[in-house]
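Structure first, commentary second.
Everything numeric in this text was worked out from a predicted model, so none of it was measured. Starting from 1, each residue takes its place in the sequence as its number. Side-chain atoms are counted along with the backbone in the values below, which use heavy atoms only and exclude waters and symmetry mates.
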Amino acid sequence: MGRPSDFTPETANEICERLSKGESLRAICSDQQAGWLPSDTTVHRWLAGSEDWNIAFREQYAHARTVQADTKFEQAWEIAEAATVEDVQVARLKIDTIKWQASKLAPKKYGEKVAHVGGDEGDAPIKTALTVTFV
């Protein structure tokens with residue numbers, strides 16, 4: 001008996017709710033207690049589809065991933081608050097990993113900000129000039 005591959009709104013809601021709470025898709029789909037969930041491969045197939053329900057699921061999934069970034073950010077804060085001198089290196093590793101995850105899940109909110117600056121306000125941020133001299 002294989003895993004189910006039929007999409008249902010209940011399945012989508014379960015997956016997206018658990019993603020929002022910070023769980024990984026792999027952990028959700030391999031949960032033995034919730035054996036009714038599809039494999040992560042099936043979920044990725046659903047996300048790639050072009051039917052109306054695929055598009056709706058893709059939007060729901062994207063929103064869940066954005067909320068997951070906020071959840072991850074809060075988890076990092078909790079780890080930092082609870083860190084002791086004895087476990088500061090472990091806490092730093094966890095926080096750095098969570099910061100990286102959040103920057104990939106919500107790059108506009110948690111990603112690195114890079115500013116390219118040039119001359120005055122009217123200038124393009126980076127100016128390239130080519131000079132050709134005939135001899």
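More than 12 heavy atoms of other residues, nucleotides or ligands lie within 6.0 Å of CH2 in W53, so this atom counts as buried by the packing criterion. Within 6.0 Å of NE2 in H63 there are 12 or fewer heavy atoms belonging to other residues, nucleotides or ligands. The local environment of CZ in F73 is sparse, with at most 12 non-hydrogen atoms from other residues, nucleotides or ligands closer than 6.0 Å.
Using a 4.5 Å cut-off on side-chain heavy atoms (C-beta onward), I98 and Q101 make contact. Side-chain contact between N13 and Q60 is present, with heavy atoms from C-beta onward closer than 4.5 Å. Between S50 and I55, the closest side-chain pair of non-hydrogen atoms is not below 4.5 Å. Contact check for D70 versus K109: side-chain heavy atoms found under the 4.5 Å cut-off. Counting heavy atoms from C-beta on, the side chains of R18 and L25 never come closer than 4.5 Å. Inter-residue side-chain proximity for P38 and W46 is flagged as met; some heavy-atom pair is nearer than 4.5 Å. Residues Y110 and L105 are not in side-chain contact: their nearest non-hydrogen atoms beyond the backbone lie 4.5 Å or more apart.
Closest approach of F57 and A12 over heavy atoms only: CD1-CB, 3.6 Å. When all heavy atoms of A106 and A69 are compared, the pair lying nearest together is CB-CB, 3.7 Å. Among all heavy-atom pairs drawn from E10 and W36, the shortest one is O-CH2, 4.3 Å.
Between the CZ atom in R65 and the NZ atom in K72 there is a gap of 9.0 Å [rounded to 0.5 Å]. Atoms NZ and CD, on K21 and E17 in that order, are 4.0 Å from each other to the nearest 0.5 Å. To the nearest 0.5 angstrom, L19 atom CG is 11.0 Å from T66 atom OG1. The line from OG of S20 to CD of Q68 is 7.5 Å long, rounded to the nearest 0.5 Å. Taken to the nearest 0.5 Å, the CZ atom of F7 stands 7.5 Å off from the CG atom of N54. Annotation: the span from R92 atom CZ to K99 atom NZ amounts to 9.5 Å, rounded to 0.5 Å.
With hydrophobic clusters built from ILVMFWY side chains whose heavy atoms lie under 4.5 angstrom apart, L93 does not share a cluster with W100. At a threshold of 4.5 Å between side-chain heavy atoms, the hydrophobic network of Ile, Leu, Val, Met, Phe, Trp and Tyr places V67 and I15 in two separate groups.
Using a distance-only test at 3.5 Å, with no hydrogens or angles considered, no donor-acceptor pair links the side chain of D87 to the main chain of A83. Remark: side-chain polar atoms of R58 are paired, donor with acceptor, to backbone N or O of G49 under 3.5 angstrom.
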